[in-house]
Structure formats: structure tokens, C-alpha cells
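In what follows, residues are counted from 1 in the order of the sequence shown. All values reported here derive from a predicted model rather than from experimental measurement.
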Amino acid sequence: QIHLVESGGGLVQAGGSLSLSCAASGRTFTPSAMGWFRQAPGKEREFVADIGVSGRSYGYLDSVKGRFTISRDNAKNTITLQMNSLQPEDTAIYYCVADPTSEVTIRTPRFWGQGTQVTVSS
């Protein structure tokens, strides 16, 4: 079982920045690919970014490439999503996810955090 806790959401104006963090814990925690999904009102959840255990493999949703950066600190079991040049269409609940069956990329999110709200005003 992996327990994920997000922090760092909030309200920001268009063009602004926010940083989301996710702390992972659990008695059976093993190195896992981790990442972020989001869900906007009235829309399905979508993949945003992921990062492998080494920190050298990662992927991004096309619409966030060049604006968002994912990183991880294995010593602290945390990942961070730095979001720059935020736009109103980035407004969503952002969920931290982990896939302990993979060390490279999220294949199937097995564990989810409770989510953190990001609101970008125009």
C-alpha cells in the first residue's frame, strides 16, 4: 500500500506559477514510477506528467510541454510539479499517482492521492 499526499495547489492569475508536491509513504513502499493526472470540471481525468525512479525518464502531456517540469527526490520519497505560464485551461484537480509495477513510466496508476485544486483566473 502506498499513501500519497499532495500539497501546493491554489489560485493564481494567468501567466503565473505554482509548484505541487507529493509525498509518498507506506510500509510496503517500493521505488515506483510516479506522476500527475488532472481532472477539469466536466472532463475526464487526463495524464499530465510522469517520472521514472532514476529521474532520467519522464513524459508530459503535449499541452504542458515547455511549461511544466516534473522532478523527484528519492531520499524524501517526493515528487514535484513546477507549473509555469499557467493558463485558465490548466484549472483542474491535480492528483499524484504511483505505479509500483513500473520503474520507468506510469503504465497503470495503482495508487492515487486525494487531489489538490489548481485554479487559474484569466
Side-chain angles (χ1 to χ4, degrees):
Q1 186 73 17
I2 298 176
H3 186 53
L4 303 171
V5 178
E6 303 98 337
S7 61
L11 173 65
V12 65
Q13 288 188 330
S17 298
L18 281 175
S19 181
L20 304 183
S21 294
C22 173
S25 62
R27 282 198 314 162
T28 57
F29 179 77
T30 58
S32 308
M34 296 181 68
W36 298 90
F37 277 62
R38 69 185 182 186
Q39 186 167 22
K43 296 186 178 181
E44 294 187 354
R45 285 185 186 181
E46 64 177 354
F47 166 84
V48 176
D50 68 357
I51 186 167
V53 172
S54 70
R56 294 190 294 271
S57 60
Y58 43 81
Y60 295 96
L61 177 69
D62 283 347
S63 63
V64 308
K65 286 180 180 177
R67 300 189 298 121
F68 291 11
T69 302
I70 190 170
S71 60
R72 68 187 293 157
D73 183 338
N74 288 334
K76 297 180 179 179
N77 291 335
T78 60
I79 63 169
T80 299
L81 186 68
Q82 177 64 41
M83 305 184 294
N84 299 327
S85 301
L86 283 161
Q87 300 301 316
E89 51 266 34
D90 295 315
T91 294
I93 299 174
Y94 284 70
Y95 298 90
C96 179
V97 299
D99 181 0
T101 69
S102 173
E103 294 188 359
V104 178
T105 187
I106 297 288
R107 292 191 295 224
T108 303
R110 306 278 177 170
F111 298 96
W112 295 77
Q114 81 285 355
T116 185
Q117 177 70 47
V118 171
T119 303
V120 185
S121 63
S122 58

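- Here the side chains of L20 and M83 are in contact, with some heavy-atom distance below 4.5 Å.
- Residues satisfying the side-chain hydrogen bond (donor to acceptor under 3.5 Å, both in side chains) criterion with E103, sequence neighbours excluded, are absent altogether.
- Counting only residues at least two apart or in different chains, salt bridge (charged side-chain N to carboxylate O under 4.0 Å, His left out) contacts with residues 104-122 comprise D99-R110.
- Here disulfide (SG to SG under 2.5 Å) pairs that include residues 33-89, with residues two or more places apart or in two chains, number zero.
- A disulfide (SG to SG under 2.5 Å) check over residues 46-122, counting only residues at least two apart or in different chains, returns the pairs C22-C96.
- Tracing side-chain contacts under 4.5 Å through hydrophobic residues (I, L, V, M, F, W, Y), one reaches I2 starting from Y94; they form part of the same cluster.
- Applying the disulfide (SG to SG under 2.5 Å) definition to pairs two or more places apart or across chains, none involves residues 31-66.
- Evaluation of the ring pair (Phe, Tyr, Trp, His ring centres under 6.0 Å) rule for F37 yields F47, W112 as partners, not counting sequence neighbours.
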Between side-chain atoms of residues 56-64 and protein atoms elsewhere (two or more places apart, or another chain), which donor-acceptor pairs fall under 3.5 Å?
unit_1	atom_1	unit_2	atom_2	d
S57	OG	V104	O	3.1
Y60	OH	I70	N	2.8
D62	OD1	K65	NZ	3.1

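- When atom types are taken as modelled, the side chain of T91 and the backbone of V120 share a donor-acceptor pair closer than 3.5 angstrom.
- Within the structure, the salt bridge (charged side-chain N to carboxylate O under 4.0 Å, His left out) test picks out the following pairs touching residues 30-41 (sequence neighbours left out): R38-E46, R38-D90.
- Residues satisfying the side-chain hydrogen bond (donor to acceptor under 3.5 Å, both in side chains) criterion with D73, sequence neighbours excluded, are absent altogether.
- Applying the side-chain hydrogen bond (donor to acceptor under 3.5 Å, both in side chains) test to Q39 and every residue at least two apart in sequence or in another chain returns R45.
- Qualifying side-chain contact (heavy atoms from CB on, under 4.5 Å) partners for S17, counting only residues two or more places apart in sequence or in other chains: Q82, N84.
- A donor-acceptor pair under 3.5 Å links the side-chain atoms of E6 to the main chain of Q114, judged by distance alone.
- Applying the side-chain hydrogen bond (donor to acceptor under 3.5 Å, both in side chains) criterion to T105, with sequence neighbours excluded, gives D50.
- Tracing side-chain contacts under 4.5 Å through hydrophobic residues (I, L, V, M, F, W, Y), one never reaches I106 starting from L81; they form parts of separate clusters.
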